[in-house]
Amino acid sequence: MSTLKTRYTLTQSQKMMIFVLSMSLYGLSNMFTELIPSVQLGPIELSVEYFAFIPLTLCMLFHPLYAAVGAAVGEVIFGELMLGQFGGLGELEKFITFSLAMYIAGRMVSDPKNRRQVGIAAISGVAIHQFCSSVIDIAKVWVGVEELEAVQGLAESIVIIEGVGFLNDVLFSGILFALLPTMYLVPRLYGKIEPLLGMKPRERNMQYASGSKSWLSPKLLGGAVLLALIAMGAELLSESGWSIGEFELPGAESHEGLLIWISMLAAAVVAAAVIAVVLRKASRRRQEAGQLDG
Amino acid sequence: MVEAVKRALGKISVEHIKLELLGTAYNSSSTFLGRLDPRMLLIWYLFFAITPWFVYNRTILLGMFIFMVVTTVLSKVSPYIVFILCLGLVSQIGWMFLLSLFFGGGAESLLPMLTLTLKLSVISLASITVFSSLDPERLSDGLSALGVPDAFAFSLSYGYRILPTLLEEFHQILLSFRLRGQRPAKHGFLYLRTAAYYLRILVLVFYPLMLNTAKRSRTTVEALETRGYTYAVNNPKVKKLRLSYLAMQRRDWLFVAFSAVYISLLFPLGASFPNLLY
Amino acid sequence: MDKPLLELSNVSFTYPGAEQPVLQEVSFTLQQGDFVAVIGSNGSGKSTLCKCFNGLIPHYYTGDFEGELKLLGESAEGKRVSELSRHIGYVYQDFENQLVRPTVLDDVCFTPLNYGLADYRERGQRALELTGLSGLSREFIWQLSGGQKHLLALAGALAMDPDILVIDEPVAQLDPQHARQIYEILRRLNEHHGKTIVVIEHHAEFIAEYCRSVVLMDGGRLRWQKPVREALTSVEELLALGIYPPDVTRAAWLLQPDRQAAGNYPLSCEEGRAWFGRRTAAVNAADPANAWSFAAASSDGAPAVPTGAAARAATEAAVNLSAAEPIVRMEQIRLSYRTIHKTLQPVLSGVNLELYAGERVALIGNNGAGKSSLMKLIAGITVPTGGTVQVKDITVNGLPPERLSDIVSYVFQNPEDMFIDDSVRGEIAYYLKARKLADMDARVEEMLQAFRLQELAERDARLLSGGQQRRVSLAIGAAVRPAVMLLDEPTANLDISTKQEMTRVLEALRGHVETVVIATHDMALVAEWASRIIVMSEGRIIADGDKEAIFSDGQLLRRAGLAETQLMEMSRLLNLPQICSSLKEFTAAAGGRKGELVHGGSR
């Protein structure tokens with residue numbers, strides 16, 4: 001029997017516990033948020049988008065990968081399948097972006113007792129997720145509407161709607177249902193919930209078993225970009241050549257396809273860049289905080 | 001809107017959700033589609049979830065839409081879900097239309113968006129048809145036969161097992177908060193105070209719930225260990241045994257054949273009359 | 001009973017981070033065909049011991065493990081939990097969490113399916129037959145009652161056809177009838193199907209009736225392993241560890257505490273009848289003048305017993321008050337809920353009830369009789385389908401629960417459902433804080449003191465022991481200073497010594513609360529505490545009266561699906577003039593002149 005050293009190692013069953021815990025809790029909350037009606041103020045929708053604080057908290061307290069994936073599975077099962085609202089493939093993109101964002105937020109926290117760090121990670125988590133899904137939503141319309149450019153004002157209005165939606169989700173849902181509750185819960189649960197699962201609490205600067213030297217490992221970043229690309233790819237497969245082109249309108253221009261591909265690529269690059277910048281910034285802050293503490 | 005909140009909160013009653021969700025989920029095998037082979041249905045769904053994105057021919061889309069409406073009726077989906085779906089589609093498209101008017105667009109921008117709506121409807125109806133027709137067990141077996149990780153398949157049916165328990169517990173804790181808390185005396189501007197009170201409790205409930213669920217997950221995972229779950233995961237033979245009951249039957253072939261014929265007729269039709277609709 | 005099925009030799013185990021080992025050099029042999037009860041106080045290592053059997057320790061719970069485990073003559077070293085579990089079925093104390101599939105048949109087939117056994121369906125069906133659940137195979141788990149869920153957990157373990165069954169506290173959450181049902185099934189498995197059974201059990205009466213041998217754990221060590229008679233008659237030793245032998249045995253011990261007599265102590269009512277019969281004969285032979293002693297002793301003795309006196313006083317108080325306004329008034333209450341088949345299932349039908357100040361009301365009846373529903377109606381948690389509920393002249397029907405919480409407080413069956421803060425102090429203060437009461441701190445202190453929680457005030461209530469959690473939940477309810485306090489099964493899941501403590505804790509409620517209502521099937525609690533007993537069955541009140549009236553009607557209890565306590569049954573068997581509810585009363589009544597017998601009376 002090996003004893004726990006500085007490395008944060010988990011047994012297979014402990015990973016399973018985190019997964020089950022995250023899945024059931026976030027799934028349940030998702031069921032409620034699906035049922036809570038939203039307030040429409042014009043195009044701006046004040047809605048309780050999701051209780052992001054649940055996966056955020058769990059990602060910060062436990063191994064973020066299992067908590068993040070567990071939460072995403074929970075959402076699909078409780079919030080979609082059970083309520084009969086499963087969107088099929090469309091959920092794939094949500095699944096990937098959401099677990100990615102939660103995972104990153106979890107990795108951003110090295111000391112669960114540091115409220116500032118927790119807060120920054122919480123809001124970044126939401127921002128990353130909302131940004132990715134906004135980009136994907138825009139892309140969806142792009143793909144779904146032929147001759148988008150031909151329709152006056154459509155492109156602008158989509159960007160505006162998504163932009164407003166993004167801001168609303170980050171500022172309203174993000175602050176009320178991610179930032180504040182997470183900052184309240186993480187320090188309170190730290191050291192308390194872990195023994196219930198038979199684990200040791202994460203310690204400050206504890207390393208993950210994945211073997212990465214620093215929390216911002218090239219592996220993570222690479223994985224993040226890759227996942228982002230996959231997420232987009234799942235959504236955008238459509239434009240590729242294997243579409244049922246023969247049956248398309250005779251006048252469908254080949255240019256359009258190319259154009260869309262270029263814009264998609266650009267979106268992916270932007271998304272990756274933003275993620276990288278956010279992460280770097282947070283890392284710098286973390287280092288600063290560390291220096292202050294030290 | 002406040003009434004809506006109240007009603008929604010009222011709906012978060014254990015019994016209601018138990019009856020509505022779980023009851024209907026497992027009653028679905030009585031429908032025609034529910035008896036079909038889940039693997040076949042899932043592949044059928046994949047077709048209708050992907051193809052519409054590449055089809056710009058309105059006649060074809062309309063044909064698909066009609067087919068989807070028929071299957072939706074066959075699968076006896078609850079009208080509530082269909083209503084929610086329509087509402088979502090209409091409001092999304094509606095706002096887009098209004099805003100594009102604002103940016104100088106005209107009524108002509110409505111048409112491409114109608115096409116988009118048609119696409120989205122086909123895709124959504126396909127998913128509703130399939131996923132509400134399959135009971136959770138058949139769905140998870142179908143997914144697992146198509147190569148989705150076993151952990152997901154297990155979680156799916158575990159979700160249905162644990163939901164009533166979680167709801168019960170949630171309800172009890174919520175009740176504790178309400179019994180010992182104090183509702184705001186006045187509703188406040190736009191009922192904001194009352195809404196804030198409930199939302200705050202809703203969030204706070206998760207603190208005890210997290211701790212209690214943590215305890216529960218520990219026993220559950222421990223029990224899984226004693227019940228051979230890890231053995232099964234590492235043993236492909238077990239999966240084979242579990243899925244051995246899945247078999248394509250005559251009605252499955254008939255359904256596939258009908259769909260194939262319908263679709264293959266639809267495409268030439270659409271090519272000849274692309275503007276049947278508008 | 002020949003070959004050892006399982007052998008532990010010199011096993012020690014320490015949880016990671018813990019100072020003290022939970023098991024210290026435990027050696028234990030389990031014989032084929034045995035029916036073993038593991039007893040010991042809380043934290044003595046009972047569950048830990050049983051978790052060594054299937055390798056959960058040390059494979060699942062990592063920690064420092066020493067010693068050896070042999071299963072079926074083979075060393076278990078290097079074998080995984082899943083391999084060992086093929087031979088050992090384990091039923092947890094919180095068995096509900098071990099049911100992982102949505103429907104009954106699915107769940108029971110889960111284990112054999114996981115092991116890739118092609119006949120998993122037949123195995124599942126057979127296990128359901130063995131536990132009497134065949135008719136329910138298509139039901140959902142959430143439709144089952146607590147007792148059925150427990151049987152299902154057992155069936156799930158049986159489906160693998162294991163050699164050994166380990167059951168952690170089989171009857172803790174069940175009413176007496178269902179508890180007996182479980183044990184009858186276990187006996188059949190043991191006698192007809194050759195299963196070796198290990199139970200962790202607090203209830204000595206069940207051990208006496210069903211088990212063959214007993215293992216006593218104390219502070220992580222295995223103190224002894226003895227045949228059941230020898231084990232349970234070591235009354236003094238067990239009591240010192242907070243373990244309570246059956247009431248008859250204790251009564252006999254009280255009357256005749258010498259060591260030679262120990263071997264003859266009765267373990268069941270049948271034996272008790274013979275034992276006390278012999279005693280009386282012996283006493284009467286020694287002193288013929290006292291031949292009438294039963295009647296005389298009891299009529300003299302009863303008033304001297306404090307609980308009897310208190311009950312009488314309370315009844316008088318109630319009589320005086322009944323002229324006054326009732327605190328709770330229920331008229332023609334009906335309640336029904338919708339089932340999955342869209343039919344209406346009646347829970348309560350036409351209940352009329354009035355409760356007065358100063359009453360200590362026990363609501364008894366088996367699971368599903370409608371006790372909890374009745375209390376929830378009073379608390380305003382559920383809305384009646386028909387009829388009206390009034391509490392202190394406020395019509396409750398449909399009021400939001402926040403409105404009523406100043407008058408009625410409801411203490412849930414599961415204390416954890418009431419814990420919403422992170423310290424005991426916080427829990428008690430929550431209500432007072434929400435109302436910004438001025439005397440908040442004083443009231444919290446008062447409650448902490450009344451329920452002996454001062455030392456635990458800053459601890460998280462979830463991490464306390466079962467008895468401590470109960471005290472916290474009562475303190476939370478009492479802090480409100482309600483007119484009516486409703487307690488749902490306050491002694492469920494408690495071990496016997498904690499149960500006995502509860503009676504005292506309930507006394508602490510006096511002065512804070514006008515009327516207390518308890519729903520329970522713990523007849524010992526009812527007998528010691530209640531001033532008024534309401535018997536419910538199938539949604540109706542079938543009897544309402546004081547202790548004497550209710551307990552003297554043996555038919556009534558059976559009709560309500562309840563079991564008499566051993567003392568009650570003994571009182572009836574011995575034709576005592578009064579049904580005794582406490583050991584003191586009983587020994588006084590059955591022993592005749594107690595003092596004389598203890599000192600001089602031996603054959």
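Note on naming: letters A, B, ... go to the chains in the order of the sequence lines (proteins, then strands), and numbering restarts at 1 for each one. All values below come from the heavy atoms of this structure, side chains included, with hydrogens, waters and symmetry mates left out.
Within the 4.5 angstrom heavy-atom criterion, no atom of B/V205 approaches chain C. Using a 4.5 Å cut-off between heavy atoms, B/L224 touches chain C through its side chain atoms alone.
Residues of residues 237-245 of chain B having a heavy atom under 4.5 Å from any heavy atom of chain C, listed by number: B/V238, B/L241, B/R242.
In this structure, the ring of B/Y160 has its center no less than 6.0 angstrom from the ring center of C/F140.
Take B/L199 and apply the side chain to side chain contact (heavy atoms under 4.5 Å, CB included) test, not counting sequence neighbours, and it matches A/I36, A/V48, A/F177, B/L202.
Side chain of C/N114 to main chain of B/R227: a donor-acceptor pair is present (N/O by atom type, distance under 3.5 Å, no hydrogens or angles). With hydrogens and angles ignored, the 3.5 Å screen pairs no side-chain donor or acceptor of C/R101 with any backbone N or O of B/R161. With hydrogens and angles disregarded, a donor-acceptor distance shorter than 3.5 Å links the side chain of B/R180 to the backbone of C/M418. Between the C/S405 side chain and the B/L179 main chain, a donor and an acceptor come within less than 3.5 Å of each other.
Counted by atom type alone, C/N97 and B/T220 present zero donor-acceptor pairs between their side chains at under 3.5 Å.
With rounding to the nearest 0.5 angstrom, the CG atom of B/L174 is 11.5 Å from the CG atom of C/D417.
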Derivation of the side chain to side chain donor-acceptor pair (under 3.5 Å) call for C/N54 and B/T226: CA-CA 8 Å; C/N54 54 3; B/T226 67; 5.3 Å; no
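C/R86 forms a cation-pi arrangement with B/Y231, by the criterion of a distance under 6.0 Å to the ring centre and an angle within 45° of the ring axis.
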